[in-house]
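Every chain is numbered from 1, with letters handed out A, B, ... down the list of sequences.
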Number of protein chains: 4
Amino acid sequence: MSSTDPQRHTRQRARILDAAARCFSRYGFQGASMARICADAEMSPGHLYHYFPHKKALIEAMIVRELEEVHARFEGLRDAPDVVEGLLALIEGGRGWTDEQNRLMLEVMAEAARNPAVGDILRHHHAAITTLVAECLAAGQARGQVEPSLDPEVTAAMLQAVVDGAVARQVRAPALDPDRWIDHLKHLYGRMLRPSGNAS
Amino acid sequence: MSSTDPQRHTRQRARILDAAARCFSRYGFQGASMARICADAEMSPGHLYHYFPHKKALIEAMIVRELEEVHARFEGLRDAPDVVEGLLALIEGGRGWTDEQNRLMLEVMAEAARNPAVGDILRHHHAAITTLVAECLAAGQARGQVEPSLDPEVTAAMLQAVVDGAVARQVRAPALDPDRWIDHLKHLYGRMLRPSGNAS
Amino acid sequence: MSSTDPQRHTRQRARILDAAARCFSRYGFQGASMARICADAEMSPGHLYHYFPHKKALIEAMIVRELEEVHARFEGLRDAPDVVEGLLALIEGGRGWTDEQNRLMLEVMAEAARNPAVGDILRHHHAAITTLVAECLAAGQARGQVEPSLDPEVTAAMLQAVVDGAVARQVRAPALDPDRWIDHLKHLYGRMLRPSGNAS
Amino acid sequence: MSSTDPQRHTRQRARILDAAARCFSRYGFQGASMARICADAEMSPGHLYHYFPHKKALIEAMIVRELEEVHARFEGLRDAPDVVEGLLALIEGGRGWTDEQNRLMLEVMAEAARNPAVGDILRHHHAAITTLVAECLAAGQARGQVEPSLDPEVTAAMLQAVVDGAVARQVRAPALDPDRWIDHLKHLYGRMLRPSGNAS
DNA sequence: TATGAATGAGTCTTCATTCAT
DNA sequence: CATGAATGAAGACTCATTCAT
């Protein structure tokens, strides 16, 4: 009986999304053809269209998955005893980002800037992270770990801008020693967040 | 003699580059068809190809022009009596960036990440600005305006990351009050750069 | 299993090659547009490109098929009891060549003269026929059917030059009575090949 | 005063026709663009169109010039004391044909097969040469230099077929030693033409 | 579930030709 | 006579998508 096997369904979707991520990061959303993605996923076009009705749907699903993974990295912040240490650890974690992820994020940003649907996805995700980080920052201020004059919301947005800047840096200055860069970033970011007079 | 009029030639190229910038920012490099650019430039395809041999050439010329304009904004830094003030003024200037420029920069970053030719253009331009800013920072350190422990080169790279982050922010959080954002940015950036104990 | 049906595949290729031969003979390789060939093959361009990746590939495949057909006509020579009779029969067979085949051969020759890939195909095919004919001529010499002083290889090349000349004649002098022409050709060719003193 | 200078006019036309011959032989009639021919003739398109109203006109003018040159080579036949020697000398002269001329002839034949206008030019020229050669052959028969049973007209057509075959051979078997080939050709052709029992 | 044949609009690019200067 | 800017209709080829099997 060909009754639906949800597990298999999910596995197939994942296989497609993996292939899509690989292709999109290499060729961009428009540059990656469905045929290429099919080949990469070792699947016929007809079959792939069984799982995603449009290219648009595939792009959006892939973006959502990607952003959820990013979100997951921020969740840990809630349990960090020291918020600032937690945020610095997140920056430290940027060291592990692959080129594929970097390229994908840049592609997502560019697409979000012109495609309202993608823009909404990004903004929704951004708002979720911003809220999370802002809450943590406010808690940190209550505990005296964070400079009290900082606006938590804007500061949370800043963190994400720093991440975007770091992603861009990998393209702009790939030769720059990552250790020097990340150390510098952590040093300055620490100085920013901690109460005045409390250098890292 | 009816030999070529170089002025007209330059004007035509500019007309095309303007149309290209508009189209690329709206649809992306791949999404903008030559036909559309032609229509926007009010020019036949054959004529456009008289000025640019490829779409690639058009893209690259447009990118170079865009980046040179960015570079020009940084040149003023040399004459600023206080480097930090100069840099903060640059951040302040980001307020004037149009959506078109923002989108274009995002598209350029995404393209640079996968297209080596574009990547090289970006890196070359980035290096030029980095050198310029680093020199100004070093001079500022000599004059006691800038925290002496900062590495000028990495700090210059940081500035550009901040700009990239600000560009991304416009997509991520367009609702965020630009005044709040820019003030915050200037405040923190000032704290980063000025000698310790010298809050803005 | 609905895996590829190789028979259908072959039939489709044949359909395309037929259309291509018709169009190429009418308009030349460059003059025949893929769109026209598609229309002739009653097939969409996308579908045609499913079978041939380039126009070049289509041209070459068609040429190979055409030349193989020519080659096949020569194969019979091996079984002819009298080589000279066999060769004269081949010339006689030229009567049956269609205009399409003639035009195609002329187009192939012209293309082979400037396109190395096509040139190689032609030369490879030419060498195969030359070898075949030369062997038959040598055997004929051993049997006393062919003038012994003739160099088999060059004489085989001569035969093909005669064929090329006959193809050209159809263009140069279509009004010339084919019977008169072919009879003349056979007469002279026979005189050439047979041992001296043995007029046809 | 810009009054017409017919000499200059002729020289310009020649310059264009030279460039056209070069380009057509390299790329074919369709493959050679007017722009390329202009570049080769060091002339602007507007100027070139002053001399030839169409590409078609240029092609036809070039073909006529080419064929007239061929015709000129045959004119000498009239003064030859021995027709057969004269014809053999013509074959011998084929040794001097350049690749450009060869390719051009092949292109002309292919074009003549499908383009009625070009076909007519070729046939007109062919008829002129045929008449010339046939007359010489008839005179030769009267003088006992040529086998009397040969039909002069068909034999004249044969000569031209031999030339076409020789042109094709240069493409089919460029490696074949030209000396061997031409000697063979002359030997056989002599045997064909001379009265029976009169080997070369 | 899975295949891949099939479509046709759309992409970039070329080219013969015209025209203002 | 001479230039080269300008046109726009093709040309080869691609690709998202559908559908019969």
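Near DNA chain E, defined here as any heavy-atom distance below 4.0 Å, the residues from residues 53-60 of chain D are D:His54, D:Lys55, listed numerically.
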Could you give the side-chain donor-acceptor pairs of residues 47-64 of chain A under 3.5 Å, partners two or more places apart or in another chain?
| residue | atom | partner | partner atom | Å |
| --- | --- | --- | --- | --- |
| A:Lys55 | NZ | A:Phe29 | O | 2.8 |
| A:Lys55 | NZ | A:Ala32 | O | 2.8 |

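Under 4.0 angstrom from either OP1 or OP2 of F:dT21 there lies no side-chain N or O belonging to C:Arg8. Between D:Gln12 and F:dA2 there is a side-chain polar atom (N or O) within less than 4.0 angstrom of OP1 or OP2.
If you measure from atom CZ of A:Phe29 to atom P of F:dA16, you get 14 Å, rounded to the nearest angstrom. Note: CG (D:Leu48) to P (E:dC15) measures 15 Å, nearest angstrom. Put simply, OH on C:Tyr27 is 13 Å from P on F:dA12, counting in whole angstrom units. Distance C:Gln30 CD to E:dC15 C1': 12 Å, rounded to the nearest Å. The distance from atom CD1 of A:Ile16 to atom C1' of E:dA2 is 12 Å, rounded to the nearest whole Å. In this structure, A:Arg15 atom CZ and E:dT1 atom P are separated by 13 Å, rounded to whole Å. We find that NE2 of C:His9 is positioned 10 Å from C1' of E:dG4, with the value rounded to whole Å. Protein atom CZ of A:Arg13 is 13 Å distant from nucleotide atom P of E:dT1, rounded to whole Å.
In this structure, CD1 in C:Ile121 is found 12.5 Å from CD in C:Glu66, a value given to the nearest 0.5 Å. The structure places CD of C:Gln12 at 10.0 Å from OG1 of C:Thr10, a figure rounded to the nearest 0.5 Å.
Sequence neighbours left out, the pairs with a member in residues 104-121 of chain D that pass side chain to side chain donor-acceptor pair (under 3.5 Å) are C:Glu107-D:Arg114, C:Arg114-D:Glu107, D:Glu111-D:Arg114, D:Glu111-D:Asn115, D:Asp120-D:Arg123. Contacts classified as salt bridge (charged side-chain N to carboxylate O under 4.0 Å, His left out) and involving residues 42-51 of chain A (residues at least two apart or in different chains) are not found.
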So which protein N/O to nucleotides 8-10 of chain F N/O distances come out below 3.5 Å?
| residue | atom | partner | partner atom | Å |
| --- | --- | --- | --- | --- |
| F:dG8 | O6 | B:Gly46 | N | 3.3 |

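With sequence neighbours left out, the side chain to side chain contact (heavy atoms under 4.5 Å, CB included) criterion links C:Arg22 to C:Asp18, C:Ala19, C:Arg26, C:Asp40, C:Glu100. Under the side chain to side chain donor-acceptor pair (under 3.5 Å) criterion, A:Arg11 pairs with no residue at all, not counting sequence neighbours. In this view, D:Glu69 and D:Arg73, D:Gln101 satisfy the side chain to side chain contact (heavy atoms under 4.5 Å, CB included) rule, not counting sequence neighbours. Checked against side chain to side chain donor-acceptor pair (under 3.5 Å), C:Arg13 has no partners two or more places apart in sequence or in another chain. In this view, A:Arg36 and A:Tyr27 satisfy the side chain to side chain donor-acceptor pair (under 3.5 Å) rule, not counting sequence neighbours.
The side chain of B:Tyr49 approaches E:dT13 more closely than any other nucleotide in the set E:dT13, F:dT18, E:dA16.
Listed here is the closest heavy atom pair of B:Leu106 and A:Ala113: CD1-CB, 3.8 Å.
Using a 4.0 Å heavy-atom cutoff across all strands shown, D:Tyr51 reaches sugar-phosphate atoms only and no base atom.
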Could you summarise the pairing of DNA chain E as dot-bracket text, marking Watson-Crick and G-U pairs under 3.5 Å with ( ) or [ ] inside the strand and | across strands?
.||||||||||||||||||||

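Comparing B:Glu42 and C:Met34, the nucleotide of DNA chain F nearest to each residue sits closer to the 5' end for B:Glu42.
The side chain to side chain contact (heavy atoms under 4.5 Å, CB included) test with A:Phe24 singles out one residue from A:Val108, A:Ile37, A:Leu17, and that residue is A:Ile37.
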